[in-house]
Q: 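Before anything else, here's the structure in question.
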Amino acid sequence: MTDGLTREQVAWRIAQDMVDGSFVNLGIGQPELVANFLPEDREIIFHSENGILGMGPEPAPGEEDEELINAGKKPITLLPGGAIFHHADSFAMIRGGHIDACVLGAFQVAENGDLANWSTGGSGMVPAVGGAMDLAVGAKRVLVMTDHCTKTGEPKLVEKCSYPLTGTGVVNTVYTDLAVIDVTREGFLVRERVDSLSFEELQNRTGARLTLANDWRPLTAF
Amino acid sequence: MTDGLTREQVAWRIAQDMVDGSFVNLGIGQPELVANFLPEDREIIFHSENGILGMGPEPAPGEEDEELINAGKKPITLLPGGAIFHHADSFAMIRGGHIDACVLGAFQVAENGDLANWSTGGSGMVPAVGGAMDLAVGAKRVLVMTDHCTKTGEPKLVEKCSYPLTGTGVVNTVYTDLAVIDVTREGFLVRERVDSLSFEELQNRTGARLTLANDWRPLTAF
Amino acid sequence: MIDKTVVTLTEAVAHIKDGDTVFIAGFGDAGNPTELVHALIDQGAKDLTLVNNNSGNGFVGLAALLNTGRVRKMICSYPRSSHSVVFEELYHAGKIELETIPQGTLAERIRAAGAGIAGFYTPTSAGTPLAEGKEIRHFDGRDHVLERPLAADVALIKAETADRWGNLTYRLAARNFGPIMCMAAKCTIVQTRKLVPLGDIPPEQVVTPSIFVDRVVEVPHPMSERNAILNGEHYP
Amino acid sequence: MIDKTVVTLTEAVAHIKDGDTVFIAGFGDAGNPTELVHALIDQGAKDLTLVNNNSGNGFVGLAALLNTGRVRKMICSYPRSSHSVVFEELYHAGKIELETIPQGTLAERIRAAGAGIAGFYTPTSAGTPLAEGKEIRHFDGRDHVLERPLAADVALIKAETADRWGNLTYRLAARNFGPIMCMAAKCTIVQTRKLVPLGDIPPEQVVTPSIFVDRVVEVPHPMSERNAILNGEHYP
């Protein structure tokens, strides 16, 4: 996407909104990149669904431990202060509203905050949901990291999701390669957008009505 | 009660029915005596509601630890193999059917297994239930240790409890100073009775119909 | 940097408001956050609802707080003991409300609040006066009672060790209601015997993970409620 | 004397019956009771229902058990991964049933079965296809789904240390579903790296208390499923 940010830049942008001292769950895949771009002055405690608080960076090659992995089943490290607990306690943290923010991917986000990110509903697909539905209802802030459009140019921000839902009315903010958009009672509110597109061009790539915030800013990254 | 067993003898009698290797909860008060009379060849793991498995005997004088107490708030010891857990886990064990047997006191036991042991319903009483209702519904076997009659001679084994219930249809066996009585679908079945009373005399001291088991035995103790 | 430690007990309880529901951990002589409770007495918040397994003993800790007259309601499983004189007097004088809950249901309602469970069905208390007014439903051949979560504004907790993130361990039977109360309060305040450097508690031995804790204050030599009661001490 | 240890894996799984529901602990490469699963393959029980977060990888462990054709139904949250070829083939061939459950609901349903809770209301999955056919109820301003407990006949568990009573500890992220699966199975069978004398596990560090465990077998050097998959190994 020459018009917008790279995935790393979107991850950087999300990382800037992580609040010091907060407990954060990063979804499997692209959202994991966010951990690489945290401002150095912030201490964030990362949660992993499989019973971990205080995830640290990837281990050095050769230092991996098969019994120290994250929800994406990748080797991790534990920071001093890290803790291990079982799956029911881990999801008590999620569903109980203790996670300050989670970052999830999306197939679609609707203007009412509905999220579809686990299934395209195709009959040939094996239905697999993991912890997405728990995070969607449980995290205090649900942040979505996604390309603004699909590879074939279809908008992912829509009036109503056509894919099976993950949660209803759950999304707070969407970070795309083109914009940072809050979900409000009045629908999608553009907080930031890239300079390379006009607001009309952004609207054309979006499947629901956008409102530009009065105090909108250009979306930039490192 | 010159006609029957002492409390220690009833405790001894109950102890003989404790199955080797079982997990047992002894109610606060008289039932605690049962632990003193376990046959030496049996290893029983005692549970306490406040998050303890593997309770050992009373500590020696001067060895008490204020932070190692049982549900009756008395100092205890822990056996090798003991474990500590929180209150929700402790009652998960009880309600989840993991406790093989509990021994409870009773104000009344009805012939259908109803138990009343937490309140006499007096308007001046502060209603206090503790863990009795959880044990009544959760333990695999609910054993009752009680005098056969009240101090004023009223029967405690009755057709229907007049006191507020602790649980419905929960009691398996009643151990009194006069008899060992199973609660069956046909009501109270006398398994053992003291020699000093005739069956008719036992019936006269009981508020519901008794049946004498074909294989009944004399109730004796150490 | 995350640092949940505060230096004084006064600071630890400063924000507790009139009308708050307050969890007080502890069972018998084990795990009572007595110094935090006394700080709350000094602080002066009133119209409180307290949750504890019992209703206080003698004239220290929870009983001393009751004795200030600032507690509107007590929620517990067993509000009666050989030393619960303050509660009994208030109760018989009609000066305090009481909600008696079976102990396992009390624990499970607290956990449910912490775990985002809006209700659960338990067989405990079905067919008894404590189920009156509650929804009854038949599952698996027996009656069950619908119980709702029990949350609090504040939890007062006593831990053995704590670090600046708020990870906790408890000593022996002092664990009791601590871990679940930490989960279910908007603000969890902990007094700990030892404040330890981050990383000193091995990750597999953390009992309450940091996410459930808001403030930590070190109280290296907590008082013995038992001794205070035996000595007839009154707070303040 | 209580001694839950058995000497051989064969003995450990001997009683598993056709038609049983079997919990298999483990998440990713952590906490898989691979040797117990292989013993179950050798044992031959069929028409099984398996419960795991995923649906197996490669051709060892859970995937190898699926590959025998003896599994009627898989219950999991995420039956898809880069190496879940066996399950996907069976599923697309219509040879296995699948129940997909959100991961937190899966964990909570298992815990509920262990804790004697007959049902609970969770906001998870409300308004989604996974709530279809389930009771929906409004609490606290949002929809909740009624979920029922999920029990098993047998749990296969991997622990780090165990004693003859059945107390367990787990290593790091190998804990995952282990403690709750132990709670909710009629018979919990544990393979442990180390069998230790009674009393070696400090009481405050026991993760699964003895009451939830039925059999323990020592497997000092469990295989690495990851290496086996990378090497293309098949069991048997």
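Just so you know, these numbers use all the heavy atoms, side chains as well, and skip hydrogens, waters and symmetry mates. Just so you know, these numbers come straight off a predicted model, no measurement behind them.
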Q: Around atom NZ of D:K46, are there more than 12 heavy atoms from other residues, nucleotides or ligands closer than 6.0 Å?
A: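 No, because the 6.0 Å sphere around NZ of D:K46 holds 12 heavy atoms or fewer from other groups.
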Q: So with a 6.0 Å cut-off around CD of B:E64, is the heavy-atom count from everything else above 12?
A: yes
Q: Of all heavy-atom pairs between D:M183 and B:A92, which one has the smallest distance, and what is that distance?
A: CE-CB, 3.7 Å
Q: Using atom types as modelled and distance alone, determine if a side-chain donor or acceptor of B:D20 lies under 3.5 Å from a backbone N or O of D:I2.
A: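 Flag not set: sc B:D20 to bb D:I2 has no pair under 3.5 Å.
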Q: Which one of D:I211, D:N167, D:V206, D:I117 has the most heavy-atom pairs closer than 4.5 Å to chain B?
A: D:I211
Q: Side chain, backbone, both or neither: which part of B:I99 has a non-hydrogen atom closer than 4.5 Å to chain D?
A: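 Contact with chain D: backbone and side chain both.
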Q: Would you give the length of the straight line joining atom CG of B:L53 to atom OG of D:S210, rounded to the nearest 0.5 angstrom?
A: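 Atom-to-atom, B:L53:CG and D:S210:OG are 5.0 Å apart.
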Q: Can you see which heavy atom on D:W165 is nearest to which on B:G54, and at what distance?
A: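 Scanning both residues, the minimum pair turns out to be CZ3-CA, 4.0 Å.
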Q: Going by residue number, which parts of residues 131-138 of chain B are within reach of chain D, meaning a heavy-atom gap below 4.5 Å?
A: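 When heavy atoms of chain D are the reference, residues 131-138 of chain B contributes no residue within the under-4.5 Å range.
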Q: Chain B: which of D:A184, D:P203, D:P149 shares the most heavy-atom pairs with it under 4.5 Å?
A: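 Going by pairs under 4.5 Å, I would pick D:P203.
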Q: Please say whether more than 12 non-hydrogen atoms of neighbouring residues, nucleotides or ligands are located less than 6.0 Å from CZ in D:R137.
A: yes
Q: Using every non-hydrogen atom in the two residues, find where D:P209 and B:M93 come nearest and quote the distance to one decimal.
A: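 Scanning both residues completely, I find the closest heavy atoms to be CG-CE, 3.6 Å.
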Q: Could you check whether atom NZ of B:K160 has more than 12 heavy atoms from other residues, nucleotides or ligands sitting under 6.0 Å from it?
A: no
Q: Against chain D, label B:D100 side chain, backbone, both or neither, depending on which of its atoms sit under 4.5 Å from a heavy atom there.
A: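 Contact with chain D is absent: no heavy atom of B:D100 under 4.5 Å.
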Q: For B:E43 and D:R164, work out which heavy atoms get closest and say how close.
A: OE1-NH1, 2.9 Å
